[in-house]
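Structure, as structure tokens:
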Amino acid sequence: MSERLIVHVPLDQGRDYDIVIGRGLLDEAGARIAALGGRAAAIVTDDTVAALYSERVRDALEAAGLRSGIVSVTPGEASKSYATFAQVCDGLLGHRIERGDLVVALGGGVVGDLAGFAAASLRRGVRFVQAPTSLLAQVDSSVGGKTGINSPLGKNLIGAFHQPRLVLADTGTLDTLSAREMRAGYAEVAKYGLINDSGFFDWCETNWSGIFSGGPERDEAVAICCRSKAGVVVRDEREDGERALLNLGHTFGHALERLTGYDSARLVHGEGVAIGMALAFRFSARLGLCPGQDAGRVANHLALAGLPTRLAQVPGGCGDASALLDAMAQDKKVREGRLTFILARGIGRSFIAPGIDAADVRAFLDDELRDV
Ligand SMILES: NC(=O)c1ccc[n+]([C@@H]2O[C@H](COP(=O)([O-])OP(=O)(O)OC[C@H]3O[C@@H](n4cnc5c(N)ncnc54)[C@H](O)[C@@H]3O)[C@@H](O)[C@H]2O)c1
């Protein structure tokens, strides 16, 4: 096996694991997954990714002596549902996945969340491997053990913490990702700079196009993001504190996803996050917490990478301030008219801000909707 970038996630109780990063890694999936033990490894994927990569992975697994099978779901956020969850669990049982066997999540964040939750539930928990194939999944969702599905009442409301045993991020798979999904994943890349690493945001401003074109910057960025996320996860695995910073832009973003009916034709997760991060910085500036110049720099960079940064850019609209506030209330705890947000004192200086007055948020959203 070739030399690869490896980020170790040093969780306790024998739950530590490696994130292996590099181009062409899927061909090594058999040997690397077989090294974990077990007799079978079933692949969970979606129809788009299945057509591109599932046979290659199945062949690699079988060549390494593992029995394998494929469960494929319809692509898109709508598959993070009770019905598809049942389809995946029954599919895995149909492939005779036992306690000592493995589930391989091959795909974007939807497949990772869904397959991870199925692995957490199947026979009260089987091990699983993340093989993320979208940029968003490689830099974010495949690391950290959050798994789950959506309820009609809100996003990610049903789920479990279940850490993977291994993450294999084949950065070559991003060559087939659509430009739009690539940009959406890039929002999460920039997020790491905005949270606590202004040097990385500077680096992104200079090097972002290399990530898109598949230069060495791509592997480097994935490794930097995974290292950052791994650090946060090890310090605060179950989101009692610091891990919430990873939700920068997500309170607004999740509300927009909800108001657009999780319809990826209108808005995908990373686009919601991009608008959400731009809003979080502008809101921080309005509250006098953050220099307006930083808020401008964030929006400019996201826009340069082709991402939306304003509510007016949501196709089909997103309702008024009341609709947005209602949708946010589903996502976050609201206590006596107060919300918790991730705000910023500047680029790389995000913090958890409890007790934000809903009236301030409403006034801000009213102005944003008028685009003033
Ligand atoms: N668990 C976590 O910690 C966490 C963190 C962030 C986001 N998420 C979740 O991740 C999901 C979003 O993930 P996503 O953006 O990867 O969406 P996704 O899984 O829907 O993938 C996006 C699209 O790209 C396609 N695709 C994936 N890889 C491809 C490839 N290599 N070539 C061609 N097409 C490819 C998929 O078929 C899909 O149509 C959301 O449900 C979000 O809630 C979870």
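Just follow the structure's listing: the first ligand is 1, and inside any ligand the first atom is 1. Excluded from the calculations below are hydrogen atoms, water molecules and symmetry mates; all remaining heavy atoms, backbone and side chain alike, are included.
Taking the six-membered ring for Trp and thresholds of 30 and 60 degrees, W203 and F200 have nearly parallel ring planes, at less than 30 degrees apart.
Protein heavy atom at the shortest distance from atom 4 (C) of ligand 1 is S141 CB, 3.2 Å. Nearest non-hydrogen protein atom to atom 25 (C) of ligand 1 is L177 CD1, 4.3 Å. Protein heavy atom closest to atom 21 (O) of ligand 1, with residue, atom name and distance, is G108 CA, 4.1 Å. The shortest contact between atom 12 (C) of ligand 1 and any protein heavy atom is with L136 CD2, 3.8 Å. Of all protein heavy atoms, the one lying nearest to atom 41 (O) of ligand 1 is E77 OE1, 2.6 Å. Among protein heavy atoms, the minimum distance from atom 9 (C) of ligand 1 is reached at D113 OD2, 3.4 Å. Shortest contact from atom 39 (O) of ligand 1 to any protein heavy atom: P75 CB, 3.8 Å. Of all protein heavy atoms, the one lying nearest to atom 32 (N) of ligand 1 is T176 OG1, 2.7 Å.
Listed by atom number, the atoms of ligand 1 under 4.0 Å from K155 heavy atoms are 40 (C), 41 (O), 42 (C), 43 (O). Close approach of ligand 1 to Y53 is summarised as follows: ligand atoms under 4.0 Å from at least one heavy atom of the residue are 31 (N). Interface atoms of ligand 1 facing T173, defined by a heavy-atom separation under 4.0 Å, are 30 (C), 31 (N). If you number the atoms of ligand 1 from 1 as listed, the ones under 4.0 Å from a heavy atom of L52 come out as 32 (N), 33 (C).
If you look at T147 next to ligand 1, there are no close heavy atoms at all, none under 4.0 Å. Here E181 has side-chain heavy atoms under 4.0 Å from ligand 1, and that is the only part of it that gets that close. The proximity of V143 to ligand 1, defined as any non-hydrogen pair under 4.0 Å, does not occur for either the backbone or the side chain. Only the side chain of K229 comes within 4.0 Å of ligand 1, counting heavy atoms alone; its backbone N, CA, C and O stay farther away.
Here K155 pairs with E257 in a salt bridge; the nearest charged N to carboxylate O distance falls below 4.0 Å. Using a 4.0 Å cut-off between charged nitrogen and carboxylate oxygen, D202 and R297 count as a salt-bridge pair. Taking the charged nitrogens against the carboxylate oxygens, E271 and R180 do have a contact shorter than 4.0 Å, which makes a salt bridge.
Under the rule for a side-chain hydrogen bond (donor to acceptor under 3.5 Å, both in side chains), the partners of H301 that lie at least two apart in sequence or sit in another chain are Y186. For F252, the ring pair (Phe, Tyr, Trp, His ring centres under 6.0 Å) partners two or more places apart in sequence, or in a different chain, are F341.
L324 is connected to L343 through a chain of hydrophobic side-chain contacts under 4.5 Å among Ile, Leu, Val, Met, Phe, Trp and Tyr, so both are in one cluster.
In terms of polar-atom proximity, T133 is counted as a contact of ligand 1, with an N or O under 3.5 Å from an N or O of the ligand. Checking only distances, D140 never comes within under 3.5 Å of ligand 1, N or O to N or O. Residue S178 has no nitrogen or oxygen atom sitting less than 3.5 Å from a nitrogen or oxygen atom of ligand 1, judged on distance alone. Backbone and side-chain nitrogen or oxygen atoms of E188 are examined, and none is located within less than 3.5 angstrom of a nitrogen or oxygen of ligand 1. Considering backbone and side-chain atoms together, S134 places an N or O closer than 3.5 Å to an N or O of ligand 1. Taking any N or O of D46, backbone or side chain, at least one lies under 3.5 Å from an N or O belonging to ligand 1. Of the N or O atoms in G109, one or more lie within a sub-3.5 Å distance of an N or O in ligand 1. In terms of polar-atom proximity, defined here as any N/O pair under 3.5 Å, V110 does make such a contact with ligand 1.
A donor-acceptor contact closer than 3.5 angstrom is absent between the side chains of N156 and K146.
In this structure, I356 and F283 have side chains that are in contact, with non-hydrogen atoms separated by less than 4.5 Å.
Between atom 34 (N) of ligand 1 and the options T45, T48, D47, the minimum heavy-atom separation is to T48.
The distance from the OG atom of S228 to the NZ atom of K191 is 9.0 Å, given to the nearest 0.5 Å.
Across every non-hydrogen atom of D46 and V49, the tightest pair is OD1-N, 2.9 Å.
With Y192 contributing its side chain and I224 its backbone, the two residues share no donor-acceptor pair below 3.5 Å. Of the possible donor and acceptor atoms, one in the side chain of R15 sits under 3.5 Å from a partner among the backbone N and O of D12. Judged by distance alone, the side chain of R23 and the main-chain N or O of D170 form no donor-acceptor pair under 3.5 Å.
Aromatic ring centres of H162 and F117 lie farther apart than the 6.0 Å criterion allows.
Every heavy atom of H254 sits 4.0 Å or more from the atoms of ligand 1.
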